Each structure stands twice: as C-alpha cells, then as structure tokens.
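Notes to accompany the following structure.
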Amino acid sequence: MLRIKDLTFRMQGRLLLEQTSLHVPVGARCGFVGRNGTGKTTLFKLITGEYSSEAGSLELRRGVTIGQVAQEAPGNEVSLIDTVLAADTERVALLEEAQTATDPTRIADIHTRLADIEAHSAEARAGSILHGLGFDSQAQQQPCSAFSGGWRMRVALAAVLFAEPDLLLLDEPTNYLDLEGTLWLENYISRYRHTVIIISHDRDLLNACCNTIVHLENRKLTAYKGDYDFFEKTRAERMTLQTKMKEKSDAARAHMQKYIDRFRASATKARQAQSRIKALERMGTVAAVMEEGVAPLTFPSPEKPVASPIINLERAAAGYVENDPVIARMDLRIDADDRIALLGANGNGKSTFAKLIAGRLEEMAGTITRADKLRVAMFAQHNLDDLVPEQTAVDHVRKLVPNEAESKVRSRVARMGLGIEKMDTKAKSLSGGEKARLLLGLATFNRPHLLILDEPTNHLDMDTREALVMALNSYRGAVMLISHDRHLVEACADRLWLVNEGTVAPYEGDLNDYRRLILKGPGSPKSRREEQPGKLEIAEKNAAEKRKKDAARRADQAGTRKRVKQLETTMTKAEAAITKLNKLLAQASTERDAKRIRDIATKKAEFERRLVDVEEEWLELSEALAN
C-alpha cells in the first residue's frame with residue numbers, strides 16, 4: 001500500500017525526517033505515535049502530496065484513494081445525511097450519469113457498478129455512522145450550520161468513514177469525540193476493510209484498533225507488530241538491549257584505545273597498534289538511547305481537608321431556561337476523597353452538571369449543600385481561550401501573586417512543567433499541550449478540595465497523559481472527570497456516574513459493561529440484563545453492599561489519614577531538629593566543649609529515637625490505607 005524509502009524532509013530549516021524507511025502493507029491498521037512536534041502530521045501531508053520530500057521516495061499503490069478528515073468542517077445549509085452521502089463521489093457521479101445515459105450497455109454497467117458498491121444501502125450506512133458519532137435521526141436531517149464546530153467535525157469524520165478510502169488517514173480523531181463516540185470509533189476501525197493509519201495518543205484506541213505501531217523518534221520511523229501495549233514492552237526491551245550493547249561497545253573501544261595509546265610509539269608493537277587503530281575505525285559506535293524526559297504535572301493538595309460530604313445534592317435540578325431543566329431529580333453526595341468519572345453522550349448534560357458542582361450554575365430546584373470554605377477548581381478545554389494571547393506564563397502567574405518575588409513566580413511556573421525557554425513565550429505561541437499545562441496550573445493554584453477536569457487530555461501526548469495520571473493519583477483531594485480517554489478514567493476513577501435521561505445517577509457496571517451498552521445493536525452482544533437475567537440482580541445487590549462498605553471504609557480512613565498527616569508533620573520537624581543539632585554538634589566539637597557535646601548528643605539521640613517510632617507508625621498506617 002505505502003512504501004517509504006530513505007525519506008528526508010525539513011520544515012523551515014528543522015530536520016524532521018532523516019533517511020527513514022517504512023512499509024505499510026495492504027489492510028494494515030497502523031497506530032502512528034511519537035512526541036508532539038516530531039512530525040507526524042507532516043508525514044501525513046507528505047503522503048497526500050501537500051508537501052514534497054527533500055530526498056528519498058514515497059510510493060503509493062497505483063489508483064489508491066486516500067481519505068482524511070477535512071480541516072474545515074462543513075457549515076452550509078445541506079443536511080448532515082446529504083453531506084455524508086456526497087462524500088462517496090463515485091456513487092454520486094454514477095447516479096447522475098444514470099439519469100442521462102442512453103446507451104443500454106453503459107446503463108447496464110452503471111447499475112452493475114452501483115450494485116457492487118452497495119449503493120442501495122448507502123443511506124442506511126451513512127445514517128448508522130452518524131448515529132454512532134452521536135446524531136439521532138432527527139439531527140441527521142438538520143443543516144450543518146445548525147451545529148457548533150466540534151459537532152461539525154464529527155460530520156466531517158462521518159463523511160470520510162462513509163467514503164471508505166483505500167488508505168484512511170486519521171489525525172487525533174477522538175479530540176472532538178466523547179467517550180461514547182470514541183468507543184464506537186474503536187469498534188468501527190477494528191473492522192475497517194482497508195488500510196488505516198491513525199495518529200493518536202489514546203492508548204485504549206490504539207490497543208483496540210491497531211495491529212501495527214509506527215513510532216517516530218529521533219527523525220526515524222520504526223514499525224512494531226502488535227498493539228500499543230506490545231509496542232511499549234518491545235521498545236523498552238530494545239532500549240535496554242541497546243544500552244547494554246553501547247556499554248559493551250564503549251568498554252571494548254576504551255580497551256583498544258588504551259592499547260593504542262600505550263604501544264603506538266613502541267618499535268616492536270607499532271604494527272599491532274596500527275592494526276588496532278584500523279579496527280577501532282571499523283567498529284563505529286552504538287548510538288546512545290535518547291530518551292527525553294517529560295516534565296511532571298503537580299496538583300497541590302488542599303492544606304486543610306474538609307469533612308465529608310463536601311457536596312450534597314437533594315432532588316437538585318439545573319439548566320439554562322426557567323422551568324426547563326437539563327438535568328433533575330439528583331440525589332448525590334461527593335466525599336473528600338472521591339474519584340468520579342461522568343459517563344453519557346455529549347448533549348446529555350455532563351458539562352451542565354460539572355458547572356453546577358463548580359458553582360458556575362445555580363440550581364433550579366432542590367438543594368445543594370457545600371462544605372464550609374470549600375474550594376473547587378475546574379478545567380475545560382474551551383477555557384484555553386481564556387488565556388491572554390499577548391501575555392506570557394509568568395505574566396499569568398504574577399497576576400495571582402502580585403507581591404511575590406520574581407524568582408518565586410518563575411519557580412511556580414516551572415512547577416507547571418514550563419521550562420525556562422517557555423516562561424517568557426506569549427500564550428498565543430504556546431502549543432496546545434503547553435497551554436493545557438499552564439491552565440491546569442492556574443486552575444489548581446489555590447489548592448482546591450475538588451478538581452473538575454473536562455476533557456483534559458486533548459492536545460496532550462502519551463507521556464504527558466501518563467504524567468496527568470500520576471498527578472491525579474498523588475493529589476489528595478476529590479476529582480471529577482469527563483474524558484473520552486478510557487485509560488485515564490480506569491486509572492484514576494473508582495466511581496462511575498451516568499448522565500442520561502435527564503438525570504445523574506451512579507452506574508453499577510464498569511467501562512466494559514458500558515462499552516457493550518453503547519455498541520449494542522443488531523448482531524451485537526446482548527446487554528448484561530438480557531444475557532444473565534438472574535445474575536444481574538445478584539450483581540447489583542453485591543454492588544450496593546460494596547458501596548456501603550466503601551463508604552464505611554472511607555469514614556474509618558478519615559481519622560487514619562488525619563493521623564498520617566500529623567505524623568508527617570512530626571517527622572519533618574524531627575528531621576529539621578536533627579539537622580540543626582548536627583550543626584551545633586559540629587560547632588561544639590570545634591570548640592572542644594565536652595559538656596555541650598554531651599548535652600547536644602543526648603538531645604539528638606532522643607529526637608532520633610522519636611523519629612524511628614514515628615516512622616514505624618507512619619509506615620504501618622500508610623500500608624493500611626494502601627490496602
């Protein structure tokens with residue numbers, strides 16, 4: 001399908017691809033991964049012919065059709081269903097020709113070809129794709145202009161999927177999908193009949209869809225057979241092996257160089273030294289593994305925790321039009337250590353609920369009780385537009401702490417993962433990932449008790465997503481997630497709430513259950529209730545009992561967590577006291593003051609014994625919390 005040989009390409013003087021080769025066979029489903037900015041989208045433009053290579057070749061099979069999502073989403077008065085149907089240009093052309101053709105042979109050929117491409121089922125297929133991406137039958141008849149930019153991008157995606165090109169190029173398709181759309185897309189691509197290359201940082205999408213992973217690193221393309229998890233394991237093994245090979249190669253070269261240096265001037269050994277010089281030249285060097293570190297993400301935990309529940313809803317309702325709530329009948333509570341993920345299709349009210357919890361929207365009915373002095377932070381992708389384009393990261397942080405020294409302001413920016421070279425870069429010139437880091441840092445600046453994240457992984461590469469997982473799991477406050485990234489949800493959330501049918505309620509299944517529910521249709525697996533009518537009631541009862549036990553455990557652990565924090569404070573003070581006593585002991589030793597040395601040593605021993613006792617208790621309680 002696609003063969004790349006010794007390809008080299010520069011963008012504005014920067015070398016992105018250097019003498020790299022790749023073969024993509026027909027029918028392959030390739031996940032294309034690599035750090036942001038390494039040139040993945042650029043390679044797509046080379047494949048489509050938008051860019052020309054500096055050297056090397058890029059060959060496609062003759063007559064191959066290439067499809068990719070249009071950069072500009074349709075915004076005209078054409079209905080969604082007609083927009084998608086128009087994407088199959090061959091079908092449209094054949095139907096038009098059939099209206100005017102008079103030659104019987106040609107008419108027969110047209111109808112034969114229309115049958116071959118299953119033109120009779122085109123509208124049903126187009127409707128099925130649109131439905132999978134979140135458009136019901138009523139929405140499909142509306143014009144594109146009636147929808148916002150994100151929804152129009154879904155229409156553009158539906159159009160290219162319907163066209164079924166021989167080579168399908170998808171660049172971060174889940175950035176404008178919700179979890180439901182992402183699950184549907186996973187299923188669709190895994191059954192796609194032709195060749196797919198998909199740029200994505202979504203681990204679960206790559207695992208579900210791809211049988212090959214192409215990695216772009218150090219200007220080279222490397223193909224790995226298997227899904228993303230297998231790629232990650234294989235690459236780690238390869239890097240370890242390469243590191244060991246380099247160590248052995250360097251040792252051999254050093255040994256040979258030592259011989260050359262020792263005997264080069266010797267009359268009897270000169271010939272052997274010369275032969276070793278030539279051998280050293282032939283050896284070459286094994287390339288060092290170049291693994292760039294990713295700046296960690298840090299969310300400052302609240303200084304003083306608040307008692308649970310931090311938020312309690314009783315028959316609450318919320319919306320934007322009086323007497324017409326988007327969500328209602330909500331009886332929920334959020335505890336200080338909750339990790340909640342919201343499920344539900346876009347348009348069902350997830351963002352409305354998040355705004356209600358964040359205090360950005362007043363309840364229409366019912367009551368919402370919030371803990372005293374509760375601080376809530378919210379991050380949403382559209383908030384990236386709130387950054388002042390002409391101001392730097394330092395400028396944004398300085399507004400929050402106008403009286404702090406410049407060095408402290410810059411230190412705070414550094415903790416957000418923006419290095420020295422980015423601190424003074426205007427917001428408009430930062431990448432999407434860098435803007436997200438800055439906005440996350442600003443949102444959590446005041447140590448919130450509850451952190452609400454609405455699609456935080458858009459624009460983040462794989463390594464930064466892992467840094468986000470680590471940051472959330474280290475954060476000691478409550479978290480509410482809205483995300484299409486299954487890996488993030490599974491790694492960080494322990495409760496699922498479903499926003500559906502005008503309300504929000506706990507969802508008793510897991511994400512696999514939810515996936516089956518989303519993909520259910522003709523020929524798809526039955527729901528758990530249809531599959532196991534007797535066992536489901538038992539499972540629901542067990543789940544209810546588990547929730548009660550979890551609630552009791554959280555209540556029991558509240559005192560333990562408080563004690564752990566007290567012990568950490570005690571350890572910090574004891575360590576500081578020991579450090580101070582060590583300095584005093586050194587000073588007394590210099591002055592040879594025996595009595596003072598004895599007194600200080602006694603006090604130091606007392607602090608050290610106390611520290612050992614405290615550390616043992618801290619370790620015991622920490623292990624209990626972990627279990």
Side-chain angles (χ1 to χ4, degrees), residues 35-36 201 291-306 336-340 358 374-381 383-384 386-387 392-401 404-425 427 430-481 483 485 487-489 491-493 561 564-565 568-569 571-572 622 625-626:
R35 291 280 176 82
N36 284 342
H201 297 297
E291 182 68 4
E292 297 179 13
V294 172
L297 284 167
T298 304
F299 300 143
S301 298
E303 292 176 343
K304 295 181 180 180
V306 294
D337 60 348
D338 265 339
R339 302 299 167 102
I340 301 165
L374 178 70
R375 290 193 300 275
V376 181
M378 184 172 177
F379 169 91
Q381 277 299 321
N383 290 143
L384 293 178
D386 294 343
L387 297 173
T392 67
V394 172
D395 295 332
H396 282 87
V397 172
R398 189 182 290 114
K399 286 189 292 187
L400 299 177
V401 282
E404 278 200 1
E406 181 72 9
S407 59
K408 289 187 176 181
V409 172
R410 290 182 175 273
S411 176
R412 287 176 179 267
V413 176
R415 287 200 293 272
M416 296 176 185
L418 296 171
I420 296 173
E421 72 283 358
K422 294 294 182 180
M423 288 184 182
D424 295 312
T425 301
L430 294 175
S431 68
E434 289 160 351
K435 289 178 181 178
R437 279 181 174 271
L438 175 56
L439 197 59
L440 282 167
L442 296 174
T444 60
F445 198 82
N446 292 318
R447 299 178 176 272
H449 300 99
L450 170 61
L451 177 56
I452 302 172
L453 300 178
D454 189 349
E455 294 296 355
T457 59
N458 288 357
H459 308 299
L460 300 185
D461 59 28
M462 199 78 74
D463 293 329
T464 308
R465 292 183 184 207
E466 286 301 319
L468 177 61
V469 169
M470 294 178 66
L472 288 175
N473 287 334
S474 298
Y475 171 68
R476 293 197 299 274
V479 174
M480 182 178 290
L481 275 174
S483 179
D485 190 321
H487 175 65
L488 177 68
V489 172
C492 298
R561 285 195 177 89
V564 166
K565 190 168 182 180
E568 288 173 348
T569 303
M571 285 190 293
T572 301
S622 296
L625 285 175

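Quick note: numbers below take in every heavy atom, side chains included, and nothing from hydrogens, waters or symmetry partners. Owing to the predicted nature of the structure, the values given are computational and were not obtained by experimental measurement.
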With side-chain contact (heavy atoms from CB on, under 4.5 Å) as the test, would you mind laying out the steps for Phe379 and Leu439 before giving the verdict? CA-CA 7 Å; Phe379 169 91; Leu439 197 59; 3.6 Å; yes
Got a sec: does the [atom1] of [X] have more than 12 other heavy atoms crowding it under 6.0 Å?
X: Lys408; atom1: NZ; value: no
X: Arg412; atom1: CZ; value: yes
X: Met423; atom1: CE; value: yes

Specify the closest pair of heavy atoms between [X] and [Y], including all atoms of both residues, with the distance to one decimal.
X: Arg437; Y: Gly417; value: NH1-CA, 3.5 Å
X: Arg410; Y: Val394; value: NH1-CG2, 3.9 Å
X: Ala443; Y: Met378; value: CB-O, 4.0 Å
X: Met416; Y: Phe445; value: CE-CD1, 4.3 Å
X: Pro302; Y: His449; value: CB-CD2, 3.5 Å
X: Val306; Y: Ala336; value: O-CB, 3.6 Å

Counting distance only, does the side-chain N/O of [X] pair as donor-acceptor with the main-chain N or O of [Y] below 3.5 Å?
X: Ser411; Y: Ser407; answer: no
X: Arg465; Y: Leu488; answer: no
X: Arg447; Y: Phe299; answer: no

Less than 4.5 Å apart, any side-chain heavy atom of [X] and any of [Y]?
X: Val376; Y: Pro448; answer: no
X: Val479; Y: Ile340; answer: no
X: Pro456; Y: Asp485; answer: no
X: Asp454; Y: Leu481; answer: no
X: Leu442; Y: His396; answer: yes

With His201, the side chain to side chain donor-acceptor pair (under 3.5 Å) member among Asn36, Thr464, Asp463, Asp461: Asn36
Between atom [atom1] of [X] and atom [atom2] of [Y], what is the distance when rounded to the nearest 0.5 Å?
X: Leu450; Y: Asp338; atom1: CG; atom2: CG; result: 9.0 Å
X: Tyr475; Y: Thr298; atom1: OH; atom2: OG1; result: 13.0 Å
X: Arg339; Y: Asp337; atom1: CZ; atom2: CG; result: 8.0 Å

Can you tell which of Leu468, Val469, Leu453 makes a side chain to side chain contact (heavy atoms under 4.5 Å, CB included) with Cys492? Val469
Checking side-chain contact (heavy atoms from CB on, under 4.5 Å) for the pair Leu418/Glu434: CA distance, chi angles, key distance, verdict? CA-CA 7 Å; Leu418 296 171; Glu434 289 160 351; 4.0 Å; yes
Run the salt-bridge test on Arg398 and Glu406 with the 4.0 Å N-O cut-off and return the result as yes or no. yes
Start with the C-alpha gap between Leu430 and Leu387, add the side-chain angles, then the distance that decides, and say whether side-chain contact (heavy atoms from CB on, under 4.5 Å) holds. CA-CA 11 Å; Leu430 294 175; Leu387 297 173; 5.7 Å; no
Start with the C-alpha distance between Val413 and Thr392, add both sets of side-chain angles, then the distance that settles side-chain contact (heavy atoms from CB on, under 4.5 Å), and finish with yes or no. CA-CA 10 Å; Val413 176; Thr392 67; over 6 Å; no
